[in-house]
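All chains are named by letter (A, B, ...) in the order of the sequence lines, taking the proteins before the strands, and each is independently numbered beginning at 1.
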Protein chains: 2
Amino acid sequence: MARQATYRLGDLQLRIMRVLWDSAPASVADVQRQLGGDKLAYTTVATMLRKMEDRGLLRHCEQGRRFLYEPAVSAEDVTRSMADDLVDRLFEGSLSATVTHLLENREVSCQELARLERLIQQRKQGP
Amino acid sequence: MARQATYRLGDLQLRIMRVLWDSAPASVADVQRQLGGDKLAYTTVATMLRKMEDRGLLRHCEQGRRFLYEPAVSAEDVTRSMADDLVDRLFEGSLSATVTHLLENREVSCQELARLERLIQQRKQGP
DNA sequence: GCGGTAATACTACCACGGTAGTTCCGATCG
DNA sequence: CGATCGGAACTACCGTGGTAGTATTACCGC
């Protein structure tokens, strides 16, 4: 697997990706509606979609004169990329340092602890 | 403990904070040197320091006509803030989702797994 | 064909991270 | 005293995320 781009998305961009990941293809109006109606101008959303397509995050195809947008990168790619970026920037790539920090600084329920435990056991079996 | 600011630092800003965290107080020249010498212009570093002071990340005091800078926020605050930000943005605040993702997408050595296991055991005892 | 409407396209604006040039001040040295 | 030098200050510039207004185009109903 070759090297891949590192995505650093702003808040709005991430929200837009989320909309598209779970209901692509979507028109500008669709996206705007799902972004919370009239909080953002229609043209704002349209502009953002265009810019994001320029960056390769999205694709569009035309249906009549409507543009239908869909993601060009997967949620996994973006999530991994952003998470990796943080782990590298903040913890010099050390996963255990990251998790240590999270455990020490956040409220963790017993349920979550148990889930984590199971996760690690599982990870110890499988390669 | 009252609420606290959420810091979102760029790369250079983070590198500067790191320099100051482990060798404050430092002059502009000191910071520039530790940032790798001539990769960044002296004035660039100075500008960045000034902007960061405006944002409350740093403080300075004058020694003769030299400015000596020091952090105004702790490494812990910044790290926690940035980590929380990511967990919230990417995983809706779910710690286990975050860790799950990290485990699934990164190489993890046996050592690291063992360390994580110990960490969780430990966390299960203490409150 | 004509006017209205719904869609995109274009353009502009602000804030901010990052980069750097130019200026200005004070001290020191010949 | 006057030139030079080190340091900070000021200003400008570029890229990009985010916001939105205006222009243009293409269809639709009459």
*B:Ser23 and B:Val19: side-chain contact (heavy atoms from CB on, under 4.5 Å), yes or no, with the steps?*
CA-CA 6 Å; B:Ser23 41; B:Val19 168; 4.2 Å; yes

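Note on ring orientation: taking the six-membered ring where Trp is involved, the planes of A:His60 and A:Phe67 are parallel (angle under 30°, cut-offs 30° and 60°). Aromatic ring orientation, B:His101 versus B:Phe91: tilted (interplanar angle from 30° to 60°).
In this structure, A:Ser81 contributes its side chain and A:Tyr7 its backbone to a donor-acceptor pair below 3.5 Å. A donor-acceptor contact shorter than 3.5 Å links the side chain of B:Arg106 to the backbone of A:Gly93. Between the side chain of A:Asp30 and the backbone N or O of A:Ser27 there is at least one donor-acceptor pair closer than 3.5 Å. No donor-acceptor distance shorter than 3.5 angstrom exists from the side chain of A:Gln63 to the backbone of A:Leu68, with no hydrogens or angles considered.
Distance, B:Leu57 CG to C:dC16 P: 13 Å, rounded to whole Å. When rounded to the nearest whole Å, the span between NZ of A:Lys39 and C1' of D:dT19 equals 16 Å. Per the geometry, OH belonging to B:Tyr69 stands 11 Å off C1' belonging to D:dG7, to the nearest Å. In this entry the distance linking CZ of B:Phe67 with P of C:dC25 reads 14 Å, nearest Å. A straight line from CG of A:Leu49 to C1' of D:dG17 spans 14 Å, rounded to a whole angstrom. Taking atom CZ of A:Arg66 as the reference point, atom P of C:dA6 lies 12 Å away to the nearest angstrom. Put simply, CG on A:Asp11 is 18 Å from P on C:dA15, counting in whole angstrom units. B:Met48 places its CE atom 17 Å from the C1' atom of D:dA8, with the value rounded to the nearest Å.
Residues B:Leu116 and B:Val99 form no side-chain contact, since every pair of their non-hydrogen atoms from C-beta on lies 4.5 Å or further apart. Two residues are said to be in side-chain contact when any heavy atoms from C-beta on lie closer than 4.5 Å; B:Gln34 and B:Arg18 fail this criterion.
What you find for A:Arg8 and A:Arg89 is that their closest heavy atoms are NH1-NH1, 3.5 Å.
Within the nucleic acid shown, A:Ala41 comes within 4.0 Å of sugar-phosphate atoms alone, with no base atom in reach, counting heavy atoms only. When heavy atoms are screened at a 4.0 angstrom cut-off, A:Leu40 is found touching the sugar-phosphate backbone but no base atom.
In terms of position on DNA chain D, the residue among A:Val45 and B:Lys51 whose nearest nucleotide sits closer to the 5' end is B:Lys51.
A donor and an acceptor atom sit less than 3.5 Å apart, one in the side chain of B:Thr47 and one in the base of C:dA20. Counting distance only, with no hydrogens placed and no angle test, the side-chain atoms of A:Thr43 and the base atoms of D:dG21 include a donor-acceptor pair under 3.5 Å.
Phosphate contact (OP1/OP2 of C:dT19, side-chain N/O of B:Tyr42, threshold under 4.0 Å): absent. Considering only side-chain N and O atoms, B:Thr44 lies under 4.0 angstrom from the phosphate OP1 or OP2 of C:dA20. Proximity of A:Arg55 to the phosphate of D:dT16: no side-chain N or O atom is located under 4.0 Å from OP1 or OP2.
Closest to the side chain of B:Arg50, out of D:dG17, D:dC10, D:dG7, is D:dC10.
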Please list each protein N or O that sits under 3.5 Å from an N or O in nucleotides 24-30 of chain D, with the distance.
{"residue": "D:dC27", "atom": "OP1", "partner": "A:Arg65", "partner atom": "NH1", "Å": "3.1"}

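Interface residues of residues 13-33 of chain A facing DNA chain C, ordered by number: A:Val28; criterion, heavy-atom separation under 4.0 Å.
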